[in-house]
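For reference, positions follow the sequence shown, starting with 1.
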Amino acid sequence: YITSAQELHSMSFEKFAHQFMQVVDELSDCTDMEEKGFFHEYRDSDPIPSSKVLEEVIELCRTIFFPGYYGKPSINHATLPYNMGVNVERLYTLLLQQIAAGICFGGSHTDCSRVYRLAEDICCRIITRLPEIRSTLETDVIAAYDGDPAAVSYGEVISCYPVIKALINYRIAHELHKMEVPLIPRIISEQAHSETGIDIHPGAEIGRYFTIDHGTGVVIGATCIIGNHVKLYQGVTLGAKSFPLDKDGNPIKGIARHPIIEDDVIIYSNATVLGRITIGKGATIGGNIWVTEDVPAGARIVQYRKQESKT
């Protein structure tokens with residue numbers, strides 16, 4: 001007679017204990033996985049990348065960039081300097097740890113003291129860049145507001161629009177990417193992807209006054225270059241065509257393979273722009289268009305509409 005779920009669990013485990021141990025032994029044999037790169041072994045002294053910590057890093061960045069819209073709601077002119085100081089200090093502490101974790105994960109350094117010296121230098125450079133990053137984000141807010149007749153205020157854009165959240169993540173991740181921090185920029189950009197549906201690789205270069213209306217489904221590839229005053233709509237892909245292969249048949253990585261979008265371009269919903277092509281200044285790409293060749297400045301590319309013959 002079984003008197004509890006605990007007894008049932010114990011009997012069930014004992015019945016299959018041998019099979020379970022075989023499974024555990026097979027899963028624990030990671031020699032082949034390590035050779036293929038599917039297992040990463042940490043040393044006891046290594047800091048560990050943490051998505052949870054990086055979520056706090058981004059929340060701190062949002063609070064620092066747009067106080068009163070994120071973080072403590074009771075912020076005012078009198079308390080702002082103190083709260084800003086606390087937030088910047090907390091950001092430095094957490095970001096330093098995660099940069100060091102990324103460097104260790106990348107495996108390029110084994111000397112722990114050297115790792116932290118490098119991480120300190122990178123983190124300090126990021127902190128000193130915060131005012132300039134905020135200045136750029138302010139232009140993004142203006143672009144989103146000016147480009148959407150439904151927008152009521154800058155505050156609404158900052159608080160509600162997914163593109164601003166995605167761009168905060170991107171602009172921090174991009175700075176880390178430029179400083180060659182492994183892994184951490186991708187985690188930050190993928191967090192924005194999960195939150196907003198906007199997928200911006202941290203390697204992409206994006207100018208000022210950039211906006212994405214609605215946002216969901218937008219993809220911006222790693223080597224994409226976007227100028228100033230560019231507007232995208234939902235579902236736009238700025239991607240690559242098929243990859244060239246090396247002599248062994250493996251994709252060649254690290255080459256420029258995504259579009260160049262010059263200033264003042266508008267790309268409407270679900271357009272797909274592929275390859276290292278240039279969309280010229282002031283061009284307009286209509287919705288549901290497939291573009292794989294250069295577009296001249298000022299051009300307007302739309303779907304062809306067949307004219308009905310008159311009888």
Side-chain angles (χ1 to χ4, degrees), residues 54 56-72 75-77 79-92 94-96 99 121-148 151-179 181 184-185 188-189 191-192 195-196 198 200-213 215 218 220 224-232 260-266 281:
L54 287 170
E56 184 177 351
V57 164
I58 291 303
E59 190 60 32
L60 282 167
C61 288
R62 292 174 178 177
T63 301
I64 289 166
F65 292 142
F66 298 112
Y69 294 105
Y70 298 97
K72 291 184 177 180
I75 202 82
N76 56 51
H77 285 286
T79 61
L80 181 58
Y82 171 78
N83 282 285
M84 190 65 71
V86 170
N87 289 332
V88 169
E89 182 179 5
R90 177 67 174 165
L91 175 62
Y92 175 83
L94 296 180
L95 191 56
L96 172 63
I99 291 171
D121 177 65
I122 293 171
C123 193
C124 183
R125 287 155 62 194
I126 293 289
I127 295 298
T128 59
R129 289 278 299 149
L130 292 178
E132 179 61 28
I133 296 171
R134 181 166 73 178
S135 174
T136 301
L137 285 165
E138 287 172 357
T139 72
D140 299 332
V141 171
I142 293 169
Y145 175 80
D146 289 347
D148 184 1
V152 175
S153 65
Y154 289 159
E156 181 185 58
V157 171
I158 293 167
S159 301
C160 305
Y161 281 36
V163 64
I164 302 305
K165 293 181 173 66
L167 286 175
I168 291 172
N169 284 50
Y170 157 74
R171 297 206 182 273
I172 290 294
H174 181 64
E175 295 295 325
L176 292 166
H177 178 85
K178 288 194 298 183
M179 297 176 192
V181 177
I184 304 305
I188 291 173
S189 63
Q191 286 177 337
E195 182 181 5
T196 67
I198 299 171
I200 308 176
H201 192 284
E205 297 180 23
I206 301 177
R208 294 162 68 86
Y209 293 94
F210 176 70
T211 189
I212 305 171
D213 201 4
V218 166
I220 300 175
C224 193
I225 300 175
I226 298 175
N228 299 316
H229 296 278
V230 170
K231 183 177 184 180
L232 309 181
I260 298 171
I261 312 297
E262 295 186 343
D263 296 349
D264 304 310
V265 168
I266 300 175
K281 176 180 171 64

(message) So, using side chain to side chain contact (heavy atoms under 4.5 Å, CB included) as the criterion, who are the partners of T139 when residues are at least two apart?
(response) T136, R208, Y209
(message) Using the side-chain contact (heavy atoms from CB on, under 4.5 Å) definition, which of the options I184, L54, L130 pairs with I172?
(response) L130
(request) Can you measure from NE2 (H77) to CG (L80) and round to the nearest 0.5 angstrom? (result) 8.0 Å
(request) For residues 165-178, pull every pair meeting salt bridge (Lys or Arg N to Asp or Glu O under 4.0 Å), keeping only residues two or more places apart or in separate chains. (result) R129-E175, D140-R171, E175-K178
(message) Just so I know, are the side chains of M179 and I126 near enough to count as touching, which here means a heavy-atom distance under 4.5 Å?
(response) yes
(message) Treating Y70 as the side-chain partner and F65 as the backbone partner, does any N or O pair qualify as donor plus acceptor under 3.5 Å?
(response) no
(request) State whether the side chain of E262 and the backbone N or O of K281 hold a donor-acceptor pair below 3.5 Å, judged by distance alone. (result) yes
(message) Measuring from atom CD1 of I198 to atom CD1 of I212, what distance do you get when rounded to the nearest 0.5 angstrom?
(response) 4.5 Å
(request) Look only at the side chain of D148 and the backbone of A144, and say whether a donor-acceptor pair between them is shorter than 3.5 Å. (result) no
(request) Compare every heavy atom of A173 with every heavy atom of S189, then report the nearest pair and how far apart it is. (result) N-CB, 4.5 Å
(message) Nearest 0.5 Å, please: how far is CD in E56 from CG in L95?
(response) 11.5 Å
(request) Identify which one of T63, I58, V57, L96 satisfies the side-chain contact (heavy atoms from CB on, under 4.5 Å) criterion when paired with L91. (result) V57
(message) Please find the pair of heavy atoms, one from Y92 and one from C123, that lie closest to each other, and give the distance.
(response) CD1-SG, 3.4 Å
(request) First locate atom OG1 of T128, then atom CD1 of I133, and finally report the distance between them rounded to the nearest 0.5 Å. (result) 9.0 Å
(request) Compare every heavy atom of P67 with every heavy atom of R134, then report the nearest pair and how far apart it is. (result) NH1-CD, 4.2 Å
(message) For T211 and L167: C-alpha separation, side-chain torsions, deciding distance, then whether side chain to side chain contact (heavy atoms under 4.5 Å, CB included) applies.
(response) CA-CA 9 Å; T211 189; L167 286 175; over 6 Å; no
(request) Carefully, step by step, assess E59 and I168 under the rule side chain to side chain contact (heavy atoms under 4.5 Å, CB included). (result) CA-CA 10 Å; E59 190 60 32; I168 291 172; over 6 Å; no
(message) When you measure from the side chain of H174 to the backbone of E205, do you find a donor-acceptor pair of N or O atoms at a distance under 3.5 Å?
(response) no
(message) So, taking the atom named CD in E156 and the one named CD1 in I158, what distance separates them when rounded to the nearest 0.5 Å?
(response) 11.0 Å
(message) My understanding is that only one of I261, V163, I220 makes a side-chain contact (heavy atoms from CB on, under 4.5 Å) with L232; could you say which?
(response) I220
(request) Please confirm whether the backbone N or O of N228 pairs with a side-chain atom of D263, one donor and one acceptor, at under 3.5 Å? (result) yes
(request) Mind checking salt bridge (charged side-chain N to carboxylate O under 4.0 Å, His left out) for E89 and listing every partner two or more places apart, or none if nothing turns up? (result) none
(request) For residues F66 and V141, determine if any side-chain heavy atom of one lies less than 4.5 Å from a side-chain heavy atom of the other. (result) yes
(request) Could you pull out the closest heavy-atom pair between P202 and Y170, with the gap in Å? (result) O-CE1, 4.1 Å
(message) As an exercise, state the distance from NE2 of H229 to CD1 of I266, rounded to the nearest 0.5 Å.
(response) 12.0 Å
(message) How close do I226 and C224 get, counting heavy atoms only, and between which atoms?
(response) CG1-SG, 3.9 Å
(request) Search all heavy atoms of V230 against all heavy atoms of D264 and return the closest pair with its distance. (result) CG2-N, 4.2 Å
